[in-house]
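Here is how names work: the chains are called A, B, and so on, in the same order as the sequence lines, proteins then strands, and each is numbered from 1.
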Amino acid sequence: MQLPVPTDFLLSRDVASYGYFLLEPNHWIPGTTVRSGVFNRILDLAGGPITLRISQRLGKGKPLDVTLSRKLVAGEKAELSRQVSRMLRLDEPAAVLREFHKLDPRWKRSGRGRLMRSPTLFEDVIKTVTSCNVAWPSTIRMNQRLCEVFGRGGAFPKPEIIAAQRPASLRATCSVGYRDARIVQLAKMFVSGEIDAAWFENSDIDDEAIRERLIELPGIGPYAAANILQLLGRFGHLPLDTESVRHGRVVLKMRGKSRAIMKRLACTFKPFGHHKFRSYWFELWMYYEAKRGPAHTWERDIIGKTFTAALLRE
DNA sequence: GGTAGACCTGGACGC
DNA sequence: GCGTCCAGGTCTACC
């Protein structure tokens, strides 16, 4: 099947735009050219797990070619399109990105602006929790094990499956450590409707109301809340962590204690308003690419595991 | 309102 | 190869 995309959309650039593209059940396979990369992703749809092979042979703005591992049953096509659209931010208007490029022209030439995310809010929330207080290789492992152990056919597990587990089981099989009870509790809240994805995705609700609700959730603090906000398409907050402080010190030549650097980072990116996360993130991303080559050339099973803070400090 | 310490895992390092 | 130290964000208890 084919999926239409916005005129500015470029698969290789827009998939390799956020670290989640290196986490299971996502699998980006770099090609020899910008056009030849392939994005594989397993989704758990009504008729069971299905593997998508997504490419864009004809280049920027041209439809995506999507090869499926099985035939779709009734009703699955709409759900598949919805999930792919969320993941690749196909619903983000080109006009919004033009506005971003006007505000921060550094990214106009490359066209960067879209940030890859997950097909569902549940997966984004769990991926965020698995990235807190842990080195990147451990985040990779937690997501790999969650998909292997609890995902149907290697897909990301549905909240109903995680909600039915004992925390100790999650800890023993997926190396999630003390996050076990928090992950199970979050899954239960998704299942019960206490966390209503539609409410969080509602653009009529202001950022602060969403942030306040997020920060009440188990395992979600200031950093995680700001990160989930950007995953929800709200880019006016910065998820500041030790990596931000490193960026402040190494790239922006800031001096002082961590807290002071975080305050200075907030001031530095304030002029970018409701696009500030994009400006901040692509600065970080540019640094990683300077160290490790263009993101669309990164091999998940090689570069992902060597992507440690210690190596980046070199 | 601010902060110290615990939480868990795995990489880094010293021997 | 083994043992120890440390990084990482959230949560709780305490001041």
Would you classify Leu217(A) as touching base, sugar-phosphate or nothing, given that sugar-phosphate means primed atoms plus P, OP1 and OP2, and contacts are heavy atoms under 4.0 Å?
sugar-phosphate

State which of [options] makes the closest approach to the side chain of [X].
X         : options                  : result
Tyr178(A) : dG11(B), dT10(C), dG9(C) : dG9(C)
Arg171(A) : dT3(B), dG9(C), dT9(B)   : dT9(B)
Ser138(A) : dG8(C), dC8(B), dG10(B)  : dG10(B)

Does Arg106(A) CZ have over 12 foreign heavy atoms under 6.0 Å away?
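Yes, enclosed.
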
So does Arg145(A) have more than 12 non-hydrogen atoms from other groups sitting under 6.0 Å from CZ?
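Check passes, neighbour count above 12.
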
Inter-residue atom distance Leu103(A).CG - Arg98(A).CZ, 0.5 Å rounding:
15.0 Å

Point-to-point distance, once rounded to the nearest 0.5 Å, from CZ of Phe122(A) to CG of Leu186(A)
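So the gap between those two atoms works out to 7.5 Å.
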
Whole angstrom is fine here: how far is it from [atom1] in [X] over to [atom2] in [N]?
X         : N       : atom1 : atom2 : result
Glu216(A) : dC11(C) : CD    : P     : 11 Å
Ile183(A) : dG9(C)  : CD1   : P     : 16 Å
Ile220(A) : dG8(C)  : CD1   : C1'   : 15 Å
Met262(A) : dG2(B)  : CE    : P     : 15 Å
Arg182(A) : dT9(B)  : CZ    : P     : 13 Å

Quick one: on DNA chain B, does Asp180(A) or Arg259(A) contact a more 5' nucleotide (nearest heavy atom)?
Arg259(A)

Considering only heavy atoms, which members of residues 234-242 of chain A lie under 4.0 Å from some atom of DNA chain C?
Asp241(A), Thr242(A)

Same hydrophobic cluster for Phe100(A) and Phe235(A), using side-chain heavy-atom links shorter than 4.5 Å among ILVMFWY?
yes

Just to confirm, is there a sub-4.0 Å distance from OP1 or OP2 of dG9(C) to any side-chain nitrogen or oxygen of Arg179(A)?
no

May I ask you to verify if any side-chain N or O of Ser175(A) is less than 4.0 angstrom from the OP1 or OP2 atom of dG10(B)?
yes

Is a donor from one side chain sitting under 3.5 angstrom from an acceptor on the other, for Ser244(A) and Tyr280(A)?
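Yes, side-chain donor-acceptor contact under 3.5 Å.
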
When you check the side-chain N and O atoms of His296(A) and Glu289(A), is any donor under 3.5 Å from an acceptor?
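No - no donor-acceptor pair under 3.5 Å links their side chains.
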
5' precedence on DNA chain C between Asn133(A) and Ile215(A) (nearest-nucleotide basis):
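In this pair, the answer is Asn133(A).
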
